[in-house]
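Here the structure comes first, spelled out in structure tokens, and everything after it is commentary.
As a basis for the values below, the full set of heavy atoms in this structure was taken, side chains included, without hydrogen atoms, waters or symmetry mates.
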Amino acid sequence: MFFNSLHFAVFLPLVFLLYWFTGRSSKKIQNIILILASYYFYSCWDWRFLFLLVFSTFLDYYTALKIEKSEKEIPRKIWFWLSIGINLGFLGIFKYYNFFAVSMANMLHSFGFEANPLLLKVILPVGISFYTFHGLSYVIDIYYKRIPAEHNFIDYSLFVSYFPLLVAGPIERATHLLPQVKVARKFNFDQAKSGIYQILWGLFKKVVIADTCAIYANAIFDNYQSMNSLSLLLGAFYFAFQIYGDFSGYSDIALGVSKLFGIDLLRNFNYPYFSRDIAEFWRRWHISLSSWFRDYVYIPLGGSKGRKGKQVRNVFVIFLLSGFWHGANWTFLAWGAINALYFLPLLLLNKNRTNIDAVTINFSFASLKTIWQILSTFILTCFAWIFFRSSTIAMALDYIKRIFTQGKFTEQYLKSERYNYEIVLLILLFIGIEWRFRNQIEPLSGRYSWFKVALCFIGIVVLGVFSDYKSFIYFQF
């Protein structure tokens with residue numbers, strides 16, 4: 001069930017009405033309704049993997065109670081590593097087994113040995129990377145006694161399976177979400193209205209920006225060998241806005257839907273393409289994943305403390321893990337390594353926490369520097385996205401080589417496709433809107449909200465009818 005489907009357009013109002021008219025007086029009823037809705041939502045993808053979700057929920061709930069109850073360190077460690085091992089084991093089998101098997105066979109073949117690895121013919125359970133990380137963070141927090149174990153199985157089940165974040169995040173923390181599901185929610189009109197605005201803006205980013213850019217990005221990447229330099233640059237540019245509109249659009253819809261039920265989720269995007277360096281970009285892009293790796297991997301390894309060599313190691317560890325989290329392909333590891341290389345100069349010069357204030361531009365020489373920083377960071381990000389989008393590292397390197405060797409900067413692709421100039425203007429208009437409202441969650445609230453909502457809705461309906469890209473990119477992760 002996609003957020004941008006007719007199925008979801010029927011599902012959401014029904015759950016909303018049932019939730020507020022049946023469960024408004026009882027937290028337990030509210031939570032049961034949301035759990036049942038979440039299980040239905042998840043089973044619409046493949047009902048067989050619902051059992052995996054339920055098992056993962058029970059595993060972390062039970063092991064957390066055992067960790068809390070155990071007074072001696074050895075039993076605590078046994079239960080802790082049992083949970084970690086099984087969670088990562090399932091993730092490894094479904095997501096990474098075939099990758100490692102094929103990679104090992106290729107390595108053996110390069111040494112003259114023949115290998116025929118046994119590959120698993122199973123599809124990747126949707127959302128497994130997200131709900132696995134929910135459970136991991138919870139068990140880790142229990143083990144280190146940061147929070148008490150949750151004894152109410154219904155409340156914990158909702159924390160793991162809550163449908164707005166179940167498939168593609170954001171990756172929630174027990175410290176943030178559990179306190180909200182443990183109390184009865186009361187309907188708040190202003191919160192619900194804010195949620196509707198955020199849903200509409202998320203749908204606009206998905207349907208109008210991402211799905212439109214996908215048409216042109218796919219055409220260029222699929223035929224890149226026949227494209228000139230300008231067309232290849234446009235392909236990277238289009239994909240940058242495809243993946244941003246797609247994933248941040250999903251996150252906006254998830255946060256907006258959750259507000260309808262009186263629950264606030266963690267913000268996942270904060271206008272990342274206005275970042276002035278790559279460190280700021282990662283504080284603004286996929287915030288829940290970046291902060292997860294920071295808190296549960298980077299800081300335990302020592303973070304930015306200690307010798308520079310250890311700091312460099314820590315940076316590469318989290319960026320490579322972040323890349324590998326996205327998928328079992330060498331291109332994702334290369335993408336992570338490139339971002340680590342971007343980050344290193346900032347770390348070594350102690351400038352990785354420089355740009356933490358709000359971005360402003362006015363008529364001054366300082367603003368020229370800011371504009372250059374934003375543009376250069378965006379260009380570096382687009383370069384890294386080429387690896388993310390490519391099917392192999394060889395393709396990514398060939399794509400980049402052709403940018404510099406197919407030296408015609410003519411209007412080849414702009415002329416060969418209908419509405420190409422209009423799409424560029426649409427993206428520039430979108431950038432202007434985001435810049436104007438960069439200090440708000442979304443641009444639809446405030447003055448003339450009815451007019452902005454109407455335009456947004458028209459764009460969604462008109463372009464949504466012709467959209468062939470219903471799925472969201474991050475569903476594959």
Exam field: side chain T212 to backbone V208, donor-acceptor pair closer than 3.5 Å: yes
Atom OH of Y62 with >12 non-hydrogen neighbours under 6.0 angstrom: no
Under 6.0 Å between ring centres: does that hold for Y250 and F247? no
Hey, do the aromatic rings of H286 and W292 have their centres closer than 6.0 Å? no
Should D357 and R276 count as an ion pair when the cut-off is N to O under 4.0 Å? yes
Is D252 salt-bridged to K205, going by a charged N under 4.0 Å from an acidic O? yes
E71 atom CD: more than 12 heavy-atom contacts under 6.0 Å: no
Close side-chain approach of I403 to I386, heavy-atom, < 4.5 Å: yes
Distance-minimising heavy-atom pair for S161 and S38: O-CB, 2.9 Å
Whether D277 side chain and E280 backbone form a donor-acceptor pair below 3.5 Å: yes
Do you know the tightest heavy-atom contact between F293 and S322? CE1-CA, 3.8 Å
Heavy-atom closest pair (S288 atom, S291 atom, distance to 0.1 Å) is O-OG, 3.2 Å
Looking only at the side chains, is there a donor atom on one of D60 and S83 sitting less than 3.5 Å from an acceptor on the other? yes
Of Y399, F378, F332, W285, which meets ring pair (Phe, Tyr, Trp, His ring centres under 6.0 Å) against W385? W285
Distance only, no hydrogens: is a donor on one side chain within 3.5 Å (strictly under) of an acceptor on the other, for S376 and Q373? no
Are R438 and E434 close enough for a salt bridge, meaning some N to O gap below 4.0 Å? no
For T57 and L53 the tightest heavy-atom approach is OG1-O, 2.8 Å
Could you check D264 against K259 for salt bridge (charged side-chain N to carboxylate O under 4.0 Å, His left out), going step by step and ending with a plain yes or no? CA-CA 6 Å; D264 288 318; K259 287 179 180 178; 5.4 Å; no
Does the D155 side chain pair with the main chain of K182, one donor and one acceptor, at a distance under 3.5 Å? no
Test the K452-W201 pair against the cation-pi criterion, namely NZ or CZ under 6.0 angstrom from the six-membered ring centroid and within 45° of the ring axis. no
Just wondering, more than 12 heavy atoms not from K351 lying within 6.0 Å of its NZ? no
In this structure, is the centre-to-centre distance between the rings of W282 and F319 below 6.0 Å? yes
State which residue, out of Y342, W330, F388, F324, fulfils the ring pair (Phe, Tyr, Trp, His ring centres under 6.0 Å) condition with W335. F388
In terms of heavy-atom contacts, does CG of L428 have more than 12 from other residues, nucleotides or ligands at under 6.0 Å? yes
Apply the test ring pair (Phe, Tyr, Trp, His ring centres under 6.0 Å) to residues Y156 and F159: give CA-CA distance (whole Å), side-chain angles for both, the deciding distance (0.1 Å), then the verdict. CA-CA 5 Å; Y156 180 75; F159 160 70; 5.7 Å; yes
For N87 and T132, indicate whether the former's side chain and the latter's backbone hold a donor-acceptor pair under 3.5 Å. no
Donor-acceptor contact present, side-chain S367 to main-chain T370, <3.5 Å: no
Quick one about R389 and N218 (side-chain donor to acceptor, distance below 3.5 Å, no hydrogens or angles considered), yes or no? yes
Hey, are N228 and S231 close enough side-chain-wise for a donor-acceptor pair under 3.5 Å? yes
Y296-D141 side chain donor-acceptor pair, cut-off 3.5 Å: yes
Considering all heavy atoms, the nearest L158-V181 contact: CD2-CG1, 3.7 Å
Identify the two heavy atoms, one from L165 and one from E172, that lie closest to each other, and give their separation to 0.1 Å. CD2-CG, 3.3 Å
Below 6.0 angstrom between ring centroids: does that apply to Y216 and Y238? yes
Matching residue for I431 among Y273, Y271, F274 - test: side-chain contact (heavy atoms from CB on, under 4.5 Å): F274
Any Lys/Arg nitrogen of E68 or R76 sitting under 4.0 Å from an Asp/Glu carboxylate oxygen of the other? no
